[in-house]
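This report refers to the structure that appears directly beneath it.
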Amino acid sequence: MHIATWNVNSIRARLDHLLAWLGQHPELDVVCLQETKVTDPEFPVVAIADLGWHCAFYGQKTYNGVAILSRRPLEAISPGFRSVLGAMPGTEVDAWDEQKRLLGATIDGYRILNLYVPNGSAVGSEKYAYKLAWLDLLHKYLQQLDIQSQPWVVVGDFNVAFTDLDLHDPRDREQKIMATDAERQAWQRVLDLGFLDSFRLFTPEGGHYTWWDYRGGALRRNHGWRIDYILISQGLRERAIACTIDPLPRRWAGPSDHTPVILHLKNGEQEAAP
DNA sequence: ATGGCGAGAGGATCTCGA
């Protein structure tokens with residue numbers, strides 16, 4: 001099982017890159033996308049189906065939007081917080097689901113959760129408060145579920161650098177978004193539910209990034225951040241073989257500012273032998 | 001300190017991202 005995540009920054013603008021990348025990676029089983037920026041009727045199902053992929057998508061005009069592509073059919077597709085938190089009084093789930101940032105599906109017995117975490121704009125802003133509250137809601141969402149009952153893979157653009165190894169320059173990190181203590185603590189509470197950062201199981205050193213600003217020659221100077229992650233539930237640790245960042249799409253002409261991350265898992269018992 | 005680049009909306013020049 002090979003699962004990837006990629007913030008494409010508009011699936012319309014990046015369709016050629018996506019299709020080319022899928023063509024170059026026949027090993028992939030599941031690809032989770034963020035910032036598709038299209039409504040569901042606008043999602044390019046045909047172009048993707050032509051390459052042999054099923055897909056589930058949950059989008060809106062201009063902003064946000066998430067999608068899951070899969071070689072095999074997707075089951076138990078659950079868009080937004082609603083499916084899990086809808087019954088909880090006082091959570092105002094409908095308001096939280098106005099921004100399309102969360103999509104779940106089950107594929108081959110793996111529960112996949114694809115996230116596009118709010119950016120937060122600037123420390124102390126309304127959007128920053130929204131980001132922290134959104135992460136609290138994600139914690140509530142995952143708390144409702146039995147993480148031990150089936151293999152869980154939580155992926156996406158998390159918009160937080162977990163540690164100082166995950167950004168090129170950690171100085172003054174409390175003054176800018178993505179590496180403040182509050183953001184890290186909000187994510188730590190989620191991890192403490194029983195998730196592992198699969199990339200760090202294999203790569204202890206810093207200097208590995210998934211996002212480089214378009215501005216200021218950030219890519220050329222390798223001024224990057226690792227903000228795209230693939231988390232696995234504890235039970236999957238023994239099946240994890242590797243988690244790698246593919247730096248190539250970020251170097252193509254007209255790129256997304258993010259580059260994909262891929263998790264390699266050994267086949268479990270519930271999967272048929274090839 | 002600010003903007004720097006790119007996408008979308010809309011039809012010039014905004015907002016937003018991270």
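This is a predicted model, so every value here is computed, not measured. Both backbone and side-chain heavy atoms feed into the values below; hydrogens, waters and symmetry mates do not. In what follows, chains carry the letters A, B, and so on, assigned in the order in which the sequence lines appear, proteins first and then strands, with residues in each chain numbered from 1.
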Just call it for H258(A): base, sugar-phosphate, or nothing, with non-hydrogen atoms closer than 4.0 Å on any strand.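 The answer is sugar-phosphate, as H258(A) gets under 4.0 Å only of primed atoms, P, OP1 or OP2.
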If you take the centroid of each ring, where Trp contributes its six-membered ring, are Y229(A) and W187(A) closer together than 6.0 Å? no
How about W21(A) and H17(A): are their ring centres within less than 6.0 Å of each other? no
Donor-acceptor pair between N222(A) and W212(A) side chains, under 3.5 angstrom: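 Per modelled atom types, N222(A) and W212(A) side chains form a pair under 3.5 Å.
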When the C1' atoms of dA12(B) and dA1(B) are considered, how many whole Å apart are they?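 Between the two C1' atoms, the distance is 27 Å.
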Whole-angstrom distance between dG10(B) and dC16(B), as gauged at atom P: 14 Å
Can you list every pair that meets salt bridge (charged side-chain N to carboxylate O under 4.0 Å, His left out) and has a residue in residues 157-168 of chain A, with sequence neighbours left out? D164(A)-R173(A), D164(A)-R184(A), D166(A)-R200(A), D166(A)-R226(A)
Inter- and intrachain pairs under salt bridge (charged side-chain N to carboxylate O under 4.0 Å, His left out), touching residues 120-141 of chain A, at least two apart: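 Applying salt bridge (charged side-chain N to carboxylate O under 4.0 Å, His left out) to every pair that reaches into residues 120-141 of chain A, excluding sequence neighbours, yields K131(A)-E183(A), D136(A)-R189(A).
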Does a side-chain N or O of R14(A) approach OP1 or OP2 of dG6(B) to a distance below 4.0 Å, or not?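 For R14(A), the contact criterion (side-chain N or O under 4.0 Å from OP1 or OP2 of dG6(B)) is not met.
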Length of the line joining R221(A):CZ and dC5(B):C1', which is rounded to integer Å: 14 Å
Working to the nearest 0.5 Å, report the span between NE2 of H258(A) and CG of L33(A). 12.5 Å
Between protein and nucleic acid, restricted to nucleotides 9-15 of chain B and to nitrogen or oxygen atoms under 3.5 Å apart, what atom pairs and distances do you find?
{"residue": "dA9(B)", "atom": "OP1", "partner": "T62(A)", "partner atom": "OG1", "Å": "3.2"}

